[in-house]
Protein chains: 2
Amino acid sequence: MSAQRTTLADVAASAGVSVSTASLAFSGSGPIADATRSRVLAAARALGYAGPNPLGRQLRRGRSGIVGVIMGDALRRAFRDPVAVQVLDGLTGTLGPLGLGVLLIPGPDDPSQPAVDPLLESAAMDVAVQMWGGTTDDPVLEMLRRRGTPTVLVEGTPQPDVAAVGIDDHGGMIELTQHVLGLGHTRIATVTMPFDRDRSEGAADPVRLAGISWEITRRRLAGVTDAGVTPTVVWETPASLVENGAAAGRALLSRPDRPTAIVCQSDLLASGVVLAARELGLRVPQDVSVAGFDGLDLPWLAPDVLTSVAQPLAEKGAAIGEAVAELLAGRTPEPRVLPVQLRIGTTTGPVPPGA
Amino acid sequence: MSAQRTTLADVAASAGVSVSTASLAFSGSGPIADATRSRVLAAARALGYAGPNPLGRQLRRGRSGIVGVIMGDALRRAFRDPVAVQVLDGLTGTLGPLGLGVLLIPGPDDPSQPAVDPLLESAAMDVAVQMWGGTTDDPVLEMLRRRGTPTVLVEGTPQPDVAAVGIDDHGGMIELTQHVLGLGHTRIATVTMPFDRDRSEGAADPVRLAGISWEITRRRLAGVTDAGVTPTVVWETPASLVENGAAAGRALLSRPDRPTAIVCQSDLLASGVVLAARELGLRVPQDVSVAGFDGLDLPWLAPDVLTSVAQPLAEKGAAIGEAVAELLAGRTPEPRVLPVQLRIGTTTGPVPPGA
DNA sequence: CTGAAAGCGCTAACAC
DNA sequence: GTGTTAGCGCTTTCAG
């Protein structure tokens, strides 16, 4: 088409005004005569000019209008997690009206990959959102700090210069565990989310338990132990998805010292455990109680309804969006901890008589 | 912290070299003495400079490194569709290594919203990907053309200056319908994806049928009719999700002239129909056959396996990524139509004797 | 191998 | 109301 993209200068020349005036015609801010504006816009239309080049505008303003969202996982896994998706939805809902766009940044996939996605070093973004916690000494947070990118940390341990949004998962987990204890269970196993980027799978030994670097995993596990339970097994999964829960369930429920209750760190994991139990011919909750965390709506588990701890997902997304807006305004948002709520379903019941 | 962000010029001054030399130290391209480079990098580290400001670089290069992905739906819905998610995953997989990031752009939500998301007018992007077809006279494509943004259209009708990636859904639908016909069915209903931004729900009358603006919906419906079937009912849904399929199923299967087979335009819709059938006490496929489209893995439908037309989702994502790369290289990628494959499951069977 | 200079396209003071 | 001017931070010729 054109050898040279048409610029605001071309439009201004064509309309017989200065560039700054032409700029005003588009930005709307600042005083400009209606007649002048429409003359500029007409010239623009005639030249096929679709509005100011965002790149020039961004450099000048020092703002890209982009919020980098670091998913807690490779995108393929992240998108399979309704928790991530619903939070993301709540977030985009508040960001959109602010004229901010979401740039997806994959989280760690496997240890063979670099620890931080290259986009994190090179992409333009005004604010970053680190979804899903973060690890101790997180290389992502370190990178962000080096770049001077204001950051919202979701489900992480509060840090000096980082905004925080989270839920009371520790408290929720205590409550959930107490519910299970109240039903008389003593042989209680727990299925956790990944410990670290290594993503091992299986029963965790004490050494491994001492080195959980995923903060959210550690905090939820602490909820179980702080409720006074020493799990018969702490089963680590490589990802918080149904199939990982199913694998955990198969393993735990085939043991000679089969637990009478399994407390899981997510609903997806828990529903996998329920499926595994059914598969093994065990009745839930008569033979084994299963509890999850998140409060998802899982219609395909019907007729069962998972006992779980509900977290306000859309509100969490909105809270993140508000924190982003605060940071952009140069303010420091207060850390927010959203409440959770124990929701008793049909998958937990009294300890079996014989056990 | 600093009143002024440190720039490449600061680093250069501190290292005692010119800005252009400092630039070379970071970009790597171009000749530079090792000693000089390390001196620059040391100075950068000392000043807490994390690398060139992307905004400056982008303006200079005329490239943002951003690919805008226009989801076919409001994000909240889009992310609930495994088809969209898996394609997106395949896409990011090929884009990542190219140093390109994905900016999420919501598609139309409901008619009360503006037809094109504001991001589309204002965000910087080198290429746009319009997922999930497009409508006739799509305002999105028009906007993109006006802005001069090279575009990849997924599942849309090929256009002069737009790259296209799609699947042979028309052919797949014909094959699927023929399979159903071969089983002896004559009372065949079909459940479609939305017709347009209005997102009506219910049996479509001839007037409405004549005005389907969602191209993908029209093409798949044409597959059914081109196989020689006149559906007893064409049921339009407001979104391609399980609950919409369930609603359709309840309605269609409660009619006096209950169809013996229901061909759906997506697996999500089809699985909703299967659930509705079970709910109504109908056996699939003994009482009613149900077929879908996409070839998703739907374990929770077990023990049923949906009869469907499988499309290569990850490959589709990769093909889109390749088209993006071509456009960025200034070339015009050939339109690509990926093959689909009929996959017969357990949800279709012979027409019931009495019917 | 290194430096000087030009300019990507735009906006925001500031002067008129 | 409108024009002039000065950069935003960087990369890339082009000389040296």
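Any value given below was found using the heavy atoms of this structure, including those in side chains, with hydrogens, waters and symmetry copies removed.
- Counting only heavy atoms from C-beta outward, the side chains of Met131(B) and Leu91(B) approach each other to under 4.5 Å.
- Asp137(A) is not listed as a side-chain neighbour of Glu142(A), based on a closest heavy-atom distance of 4.5 Å or more.
- Arg61(B) has its CZ atom 22 Å from the P atom of dA6(C), to the nearest Å.
- Counting non-hydrogen atoms under 4.0 angstrom, Pro31(B) reaches a base of the nucleic acid.
- Between Tyr49(B) and the phosphate of dC10(D), there is a side-chain N or O to OP1/OP2 separation shorter than 4.0 Å.
- For the pair Phe26(A) CZ and dA12(C) C1', the computed distance is 17 Å after rounding to whole Å.
- A side-chain donor-acceptor contact under 3.5 Å links Gln130(A) and Asp138(A).
- Closest to the Ser20(A) side chain, of the nucleotides dT2(D), dG3(C), dA13(C), is dA13(C).
- A salt bridge does not link Arg5(B) to Asp10(B): none of the charged side-chain nitrogens sits closer than 4.0 Å to a carboxylate oxygen.
- Here the nucleotide nearest the side chain of Ser18(B), chosen from dT11(D), dT11(C), dG3(C), is dG3(C).
- Distance, Arg5(B) CZ to dG9(D) P: 10 Å, rounded to whole Å.
- Residue Thr21(B) has a polar side-chain atom (N or O) positioned under 4.0 Å from OP1 or OP2 of dG3(C).
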Assess the residue pair Ser20(A) and Ser23(A) against the criterion (side chain to side chain donor-acceptor pair (under 3.5 Å)); give the C-alpha distance rounded to whole Å, side-chain angles, the decisive distance to 0.1 Å, and a yes or no. CA-CA 5 Å; Ser20(A) 56; Ser23(A) 176; over 6 Å; no
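- Only Thr36(A), listed by number, bring a heavy atom of residues 36-47 of chain A to less than 4.0 angstrom from any atom of DNA chain D.
- Comparing Arg60(B) and Asp34(B) by the nucleotide of DNA chain C that holds the closest heavy atom to each, the one mapping nearer the 5' end is Asp34(B).
- Taking 4.0 angstrom as the limit, Arg57(A) places none of its side-chain polar atoms (N or O) nearer than this to OP1 or OP2 of dG9(C).
- Atoms CZ (Arg63(B)) and C1' (dG9(D)) sit 20 Å apart, rounded to a whole Å.
- We find that CG of Asn53(A) is positioned 9 Å from C1' of dC8(C), with the value rounded to whole Å.
- Separating the CG atom of Leu59(A) from the P atom of dC8(D) is a distance of 9 Å, rounded to the nearest angstrom.
- A donor-acceptor pair shorter than 3.5 Å can be found between the side chains of Thr157(A) and Glu215(A).
- Between Ile32(B) atom CD1 and dC1(C) atom C1' there is a gap of 9 Å when expressed in whole angstrom units.
- Of all heavy-atom pairs spanning Leu141(B) and Gln159(B), the tightest one is CD1-NE2, 3.8 Å.
- Atom-to-atom, CG of Leu24(A) to C1' of dA12(C) comes out at 9 Å; the value is rounded to the nearest Å.
- Between the side chain of Ser23(A) and the base of dA12(C), no donor-acceptor pair of N or O atoms lies under 3.5 Å.
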